[in-house]
There are 2 protein chains.
Amino acid sequence: MLTLPSATLSAATTWQSRRPSRTRWQNGATMREALTAAASRRVTRPAPLRQAVYDALTELIVSGSLKPGQHLVEAELAEHLGVSRQPVREALQRLQTAGWVDLRPAQGAFVHSPTEEEAAQLLGVRAVLETYSAQLAAQHAKPEDIERLWELQQDGVDALAEGDVERLVAANTALHEFITSVADNAVLAELISQVGQKVRWYYTPIAKPRGKEAWNEHSQLIKAIAKGDADRAGEVMRKHTERTTDFYRKQISAGASQG
Amino acid sequence: MLTLPSATLSAATTWQSRRPSRTRWQNGATMREALTAAASRRVTRPAPLRQAVYDALTELIVSGSLKPGQHLVEAELAEHLGVSRQPVREALQRLQTAGWVDLRPAQGAFVHSPTEEEAAQLLGVRAVLETYSAQLAAQHAKPEDIERLWELQQDGVDALAEGDVERLVAANTALHEFITSVADNAVLAELISQVGQKVRWYYTPIAKPRGKEAWNEHSQLIKAIAKGDADRAGEVMRKHTERTTDFYRKQISAGASQG
DNA sequence: CGATCGAGTTCTGTATACAGAAGCCTGTAT
DNA sequence: ATACAGGCTTCTGTATACAGAACTCGATCG
């Protein structure tokens, strides 16, 4: 049985009351208030299985345990994960909408096989989304945001110096994600997250991360954001993502066999 | 019982064999080839209920029959649609990922209530996506595409002259969608579709469509695309969507009561 | 020897059943 | 009269059962 990452329930699992409830706290604020406030943070969440299954399958796909084109048999997944077919099916529905699997009627789920064309399109879309993200970030950034950006930048530079590839990739992701969070646009953040995860899925196995040059570009980007120069921030980010795109494409055309 | 738009199965329902099948058509191309090719387009598709339910619920939400914040009781929906709870649940999963409903654990599905902030963010994201779409369209457009664009433009101008609001909105959508199809980026098209549908859902009930000015801008846009001038096409589209954004915002701040 | 047909198997699609949680209502005490 | 407590009802979450479609494999016929 595989372990379900039930801890990964994510913040999306809001847990609030259906209605304001009859008992009105507005006027008659009695005792038990502090107690209720303390206990309101339930320790044991019901943890919907479908969410855990969704996370588990996404992880299995991204990590490559489930290969593109592979047929996902519901009963098999259910047994491996120790649940019934029902939560598995619900997770598969979401995976389809998110683009991780293809659901063929009466045949079941298959891990999505991205074509090179689709991968190229993903990079293009990511570029415009990231550009917009940088522009918004430049408009909304506060001093403490800039501070944090430089910290993340330093993390990346350190990882680069130490040759720690895994940490380097993590630092890069963290920096871009923080810029997106500074941009303060939830719709944009959601799309970037979707697209970015797919890009990493497709390119991480066949391309190594960029090096010093990329982090110099990050540095310029942060400076532009710090100045509140949205145009320049967007332009720097646009070139940055374009260079990353070229970098990936070159490695692909050069042949993926350079482990 | 509500009618299920089962005809709306969409092209996404690919229907091909799980594996290349043992019978290899590569070498031994025998008879029955033409026959098979003709019969391959099955007339009677199984029509997965979940898809029909998904389409039906989306329609109900977009049309306003199901109001934002409304609690969707599975058993109720199932009975109305004449199916069991299972397909309903699967459809709800997809609706959640697409952002149409919020799923609260142990409480069920609620029609998503977009905030004004979210609506504004949608407009911003749509602007950058449409801009990119216009740029790509300018790069990829063929002569026959330009021809078709002018036809669609004429449709809109005619509808405007006749004061046919419904046809005007349809023409506008058709023009933008065709530009996206010319852009030839499936990933982009998918995102624009998602965002666009949400924008229409939010703004159509409270804002009237733009008039002559918008179609003049369309005309400029088509000219730029015809010349293959990606920069100008993008710039025109960017201003076009920004003006639409302003147009919507003004009507909202002016108060929605201007039937 | 190869293609076709048909029975058996596997898997999906859908329906139904059951357990547990959340909300609602009534009764009771202060 | 108000607040709390308990039982009752409703709904979700999950599991199981069953029908039908698709695939597999072997037998038969050309």
Side-chain angles (χ1 to χ4, degrees), chain A residues 4 6 9 13 15-33 35-36 40 42 44-54 71-79 81-93 96 101-110, chain B residues 4 6 13 15-25 27-33 35-36 40 42 44-54 71-79 81-93 96 101-110:
Chain A
L4 291 178
S6 57
L9 280 181
T13 312
W15 190 266
Q16 52 189 22
S17 197
R18 189 176 302 178
R19 298 176 199 173
S21 184
R22 186 167 50 90
T23 55
R24 47 234 150 91
W25 296 90
Q26 301 95 317
N27 38 357
T30 62
M31 68 156 190
R32 183 184 167 184
E33 208 164 3
L35 202 152
T36 304
S40 70
R42 305 291 179 83
T44 59
R45 292 209 204 172
L49 280 187
R50 57 169 183 264
Q51 182 66 42
V53 172
Y54 179 89
H71 184 201
L72 301 180
V73 179
E74 295 172 359
E76 239 171 84
L77 296 176
E79 191 182 357
L81 297 170
V83 299
S84 76
R85 278 177 57 210
Q86 172 94 5
V88 172
R89 283 181 68 84
E90 293 181 3
L92 287 175
Q93 293 300 323
Q96 179 193 25
V101 307
D102 300 318
L103 242 44
R104 298 214 276 264
Q107 297 189 359
F110 297 79
Chain B
L4 292 178
S6 57
T13 310
W15 190 268
Q16 53 190 20
S17 196
R18 187 175 303 177
R19 299 178 200 170
S21 185
R22 187 164 50 89
T23 56
R24 46 236 151 88
W25 295 91
N27 39 354
T30 60
M31 68 159 190
R32 180 185 166 183
E33 210 163 3
L35 201 153
T36 304
S40 69
R42 305 290 179 82
T44 59
R45 293 209 205 173
L49 281 187
R50 57 170 183 259
Q51 182 66 40
V53 172
Y54 179 90
H71 184 198
L72 301 179
V73 179
E74 295 172 1
E76 244 172 78
L77 296 176
E79 191 180 359
L81 297 169
V83 299
S84 76
R85 276 178 57 208
Q86 171 95 3
V88 171
R89 283 182 66 85
E90 293 182 3
L92 288 175
Q93 293 300 322
Q96 179 193 26
V101 307
D102 300 316
L103 243 44
R104 298 215 276 265
Q107 296 188 358
F110 297 79

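Only heavy atoms go into these numbers, but all of them, side chains included; no hydrogens, no water, no symmetry mates. Numbered from 1 within each chain, the chains take letters A, B, ... in sequence-line order.
Put simply, A:Q107 has a side-chain N or O that comes within less than 4.0 Å of OP1 or OP2 on D:dC23. Between A:R89 and C:dT12 there is no side-chain polar atom (N or O) within less than 4.0 angstrom of OP1 or OP2. Within the structure, a side-chain polar atom (N or O) of A:H71 is placed less than 4.0 Å from OP1 or OP2 of C:dT12.
What separates CZ of B:R85 from C1' of D:dT12 is a distance of 6 Å, to the nearest Å. Taking atom CD of B:E90 as the reference point, atom C1' of D:dT14 lies 14 Å away to the nearest angstrom. Summarising the geometry, the separation between CG on B:D102 and C1' on D:dT12 is reported as 16 Å, rounded to the nearest angstrom. Distance A:L72 CG to C:dC11 P: 13 Å, rounded to the nearest Å. Taking atom CG on B:L81 and atom P on C:dT14, their separation rounds to 13 Å, with Å as the unit. What separates CD of A:Q51 from C1' of D:dT12 is a distance of 16 Å, to the nearest Å. Atom CD in A:E74 sits about 18 Å away from atom P in D:dC18, given to the nearest Å. Rounded to an integer number of Å, the gap from A:R50 CZ to D:dT12 C1' is 9 Å.
Taking CG from A:L103 and CZ from B:R50, the interatomic distance works out to 4.5 Å, rounded to the nearest 0.5 Å. In this structure, CD on A:Q51 lies 9.0 Å from CD on B:Q93, to the nearest 0.5 angstrom. The distance from atom CD of A:E74 to atom CD of A:Q86, rounded to the nearest 0.5 Å, is 10.0 Å. Atoms CG and CD, from A:L81 and A:E76 in turn, are 11.0 Å apart once rounded to the nearest 0.5 Å.
Minimum atom distance to the side chain of A:L49 is reached by D:dA15, of the listed C:dT14, D:dA15, C:dA15. Taking only side-chain atoms of A:Q86, from C-beta outward, the nucleotide of C:dT12, D:dG13, D:dT14 with the closest atom is D:dT14. The B:S84 side chain lies nearest to C:dT14 when the options are D:dT14, C:dT14, C:dA22.
Toward the 5′ end of DNA chain D lies the nearest nucleotide of B:V73, the other residue of the pair B:V73 and A:P87 mapping further downstream.
Residue-level contact check: A:L92 touches neither bases nor backbone, having no heavy atom under 4.0 Å from any strand.
For the pair B:P87 and B:L49, the tightest heavy-atom approach, listed with the atom from each and the gap, is CB-CB, 4.1 Å.
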